[in-house]
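Numbering of ligands and ligand atoms starts at 1, following listing order.
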Amino acid sequence: MRRLKSFDKNANVLYMVAVPIGNLKEMTPRALEILKESDYIFCEDTRNTASLLNKFDLRKELISLREHNESSVSNKVIDLLKDGKKISYVSDAGYPGISDPGKILVKKVRESGFAVSTISGSNALLNALVSSSLDATHFYFHGFLSSIDKKAKEELETLKNKNETIIFYEAPHRIERTTHLLYEVMGDRKATIARELTKLNEEYIEGSLSELVTLDFSTLIGEMVIVLEGNNKEESVDDNSILSRADDLLKRNISLKDVSDIISFELKVGKNYVYNLLLNNKK
Ligand code: SAM
């Protein structure tokens, strides 16, 4: 066990700095301050981060730390922290480590005994979830599905029975494929496609998957998030269980309507379904 305080005067801290997902006004004063005070800024793509920092008149030497060199460059970060340097890490958009590089860095830095502190900012999945009309009490973030259809289907099979709202990231050139795959594997459920968040063309498209597959996908440009309703279907109850329970209840002189209400409550089946089944069975 190790306890590390981010605001200790003598703490050598790695700052994971979230940056805007499109709208520059979401660059926070705190993020700017931390970046300004950093001795070194490591980032996913030096050109992207240089262009972001330029917009805020911040000029710093940037060092690339991306998927293919994350492990080795993390060692350099650790050496600099040992020298008492202040270090920040920035990915291309939103939070580092969320479908972006950063998690190997954090793990290694923590294992070396240094503190890691995250500087809050924008994030695509939370914006999409909060503005969608789907449940946000419990949710599961899946990120990107495999680009290979067979593997994507296998992933979806493992998610099929989840009750929580499920969130996917997707690229514009795969949104049509993924919407169809979701419909095919997950069945008809409510979903929201959230596009171009925080930007001028921000758009939320809500509907059932059977409706969403009919979209003109050429109009879906830019970055997007898919928020999908969890599996809320009740376990299917077979008619014989309903009829057998009804038999017991009807013997006690309970009316057909009340029997339907009781069974509907007990077995979580629609009242009308039970009522009509019992009515037809009586004939
Ligand atoms: N680290 C980022 C975050 O915290 O949200 C996510 C980076 S991931 C490489 C990029 C994906 O995030 C995009 O393909 C898209 O699914 C989603 N995304 C990022 N910015 C977005 C935006 N402005 N609108 C909609 N989706 C966005």
Side-chain angles (χ1 to χ4, degrees), residues 14-28 30-31 34-35 41-49 51-53 55 64-70 88-107 116-134 136 139-148 152 155-156 159 165-182 191-206 212 215 217 219-228:
L14 164 68
Y15 294 94
M16 302 298 281
V17 182
V19 294
I21 55 168
N23 193 325
L24 287 182
K25 289 183 183 153
E26 294 191 345
M27 186 72 177
T28 70
R30 182 160 186 238
I34 294 279
L35 292 174
I41 300 174
F42 287 75
C43 58
E44 182 180 4
D45 184 320
T46 51
R47 280 166 307 176
N48 282 348
T49 305
S51 132
L52 174 74
L53 297 188
K55 297 193 173 107
S64 158
L65 184 153
R66 50 203 308 161
E67 220 176 323
H68 74 271
N69 68 7
E70 186 167 356
S88 292
Y89 182 68
V90 175
S91 69
D92 282 348
Y95 278 75
I98 303 296
S99 296
D100 267 344
K103 282 311 289 180
I104 295 174
L105 171 67
V106 168
K107 190 165 180 285
V116 179
S117 181
T118 296
I119 308 302
S120 320
S122 355
N123 163 259
L125 78 101
L126 288 178
N127 280 37
L129 177 67
V130 170
S131 294
S132 83
S133 52
L134 296 169
F139 61 90
Y140 169 83
F141 172 60
H142 190 77
F144 289 99
L145 285 165
S146 167
S147 57
I148 301 159
E155 285 175 57
L156 289 176
L159 304 176
T165 299
I166 308 172
I167 304 166
F168 301 94
Y169 279 167
E170 198 43 284
H173 63 279
R174 272 203 292 269
I175 188 69
E176 181 165 8
R177 170 216 73 156
T178 298
T179 311
H180 278 90
L181 277 185
L182 287 175
T192 300
I193 298 177
R195 194 173 76 79
E196 292 287 84
L197 296 168
T198 76
K199 304 183 203 174
L200 216 58
N201 290 320
E202 177 173 297
E203 181 183 25
Y204 286 86
I205 309 165
E206 287 211 334
L212 294 178
L215 274 166
F217 286 93
T219 61
L220 297 195
I221 43 180
E223 303 195 271
M224 46 204 102
V225 179
I226 307 171
V227 187
L228 180 71

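Near Gly94, the atoms of ligand 1 lying under 4.0 angstrom from a non-hydrogen atom of the residue are 3 (C), 4 (O). Listed by number with element, the atoms of ligand 1 under 4.0 Å from a non-hydrogen atom of Tyr95 are 1 (N), 3 (C), 4 (O).
Using a cut-off of 4.0 Å between Lys/Arg side-chain N and Asp/Glu carboxylate O, Glu70 and Lys107 are scored as not salt-bridged.
Between Lys199 and ligand 1, not a single N/O pair is under 3.5 Å apart. For Ile98, a nitrogen or oxygen atom sits less than 3.5 Å from a nitrogen or oxygen atom of ligand 1, counting backbone and side chain alike. Checked by distance only, ligand 1 and Glu170 come closer than 3.5 Å through their nitrogen or oxygen atoms. On a distance-only criterion, Ala194 and ligand 1 share no N/O pair closer than 3.5 Å. Residue Ile21 has at least one nitrogen or oxygen atom sitting less than 3.5 Å from a nitrogen or oxygen atom of ligand 1, judged on distance alone. Polar contact with ligand 1: present for Asp100 (N/O pair, distance under 3.5 Å).
To the nearest 0.5 angstrom, Leu65 atom CG is 11.5 Å from Thr46 atom OG1. Rounding to the nearest 0.5 Å gives a distance of 6.5 Å between CD of Glu26 and CG of Asn127. Rounding to the nearest 0.5 Å places CG of Leu156 at 5.0 Å from CG of Leu145. Here Leu53 contributes atom CG and Asn48 contributes atom CG; the two are 10.5 Å apart, rounded to the nearest 0.5 Å.
Side chain of Glu44 to main chain of Pro101: no donor-acceptor pair is present (N/O by atom type, distance under 3.5 Å, no hydrogens or angles). Here the side chain of Ser146 pairs a donor or acceptor atom with the backbone of Ile148 at under 3.5 angstrom.
Residue-environment remark: CG (Leu24) exceeds the threshold of 12 foreign heavy atoms within 6.0 Å. Lys199 NZ: more than 12 foreign heavy atoms inside a 6.0 Å radius.
Atom 2 (C) of ligand 1 has as its closest protein heavy atom Ala93 O, 3.1 Å. Of all protein heavy atoms, the one lying nearest to atom 14 (O) of ligand 1 is Phe144 CZ, 3.3 Å. Ranking protein heavy atoms by distance to atom 20 (N) of ligand 1, first place goes to Glu223 OE1, 3.3 Å. Nearest to atom 16 (O) of ligand 1 among the protein's heavy atoms is Met224 O, 2.5 Å. Of all protein heavy atoms, the one closest to atom 5 (O) of ligand 1 is Tyr169 OH, 2.7 Å. Among protein heavy atoms, the minimum distance from atom 24 (N) of ligand 1 is reached at Leu197 N, 2.8 Å. Nearest protein heavy-atom contact of atom 8 (S) of ligand 1 is Ser99 O, 3.6 Å.
Ring pair Phe144/Tyr169 is perpendicular by interplanar angle, where above 60° counts as perpendicular and below 30° as parallel.
Using a non-hydrogen distance threshold of 4.0 Å, Thr198 does not register as a contact of ligand 1. At least one heavy atom of Ala124 sits less than 4.0 Å from an atom of ligand 1. Within the 4.0 Å heavy-atom cutoff, Phe168 does not count among the residues contacting ligand 1.
The shortest distance between side-chain heavy atoms of Ile193 and Thr179 falls below 4.5 Å.
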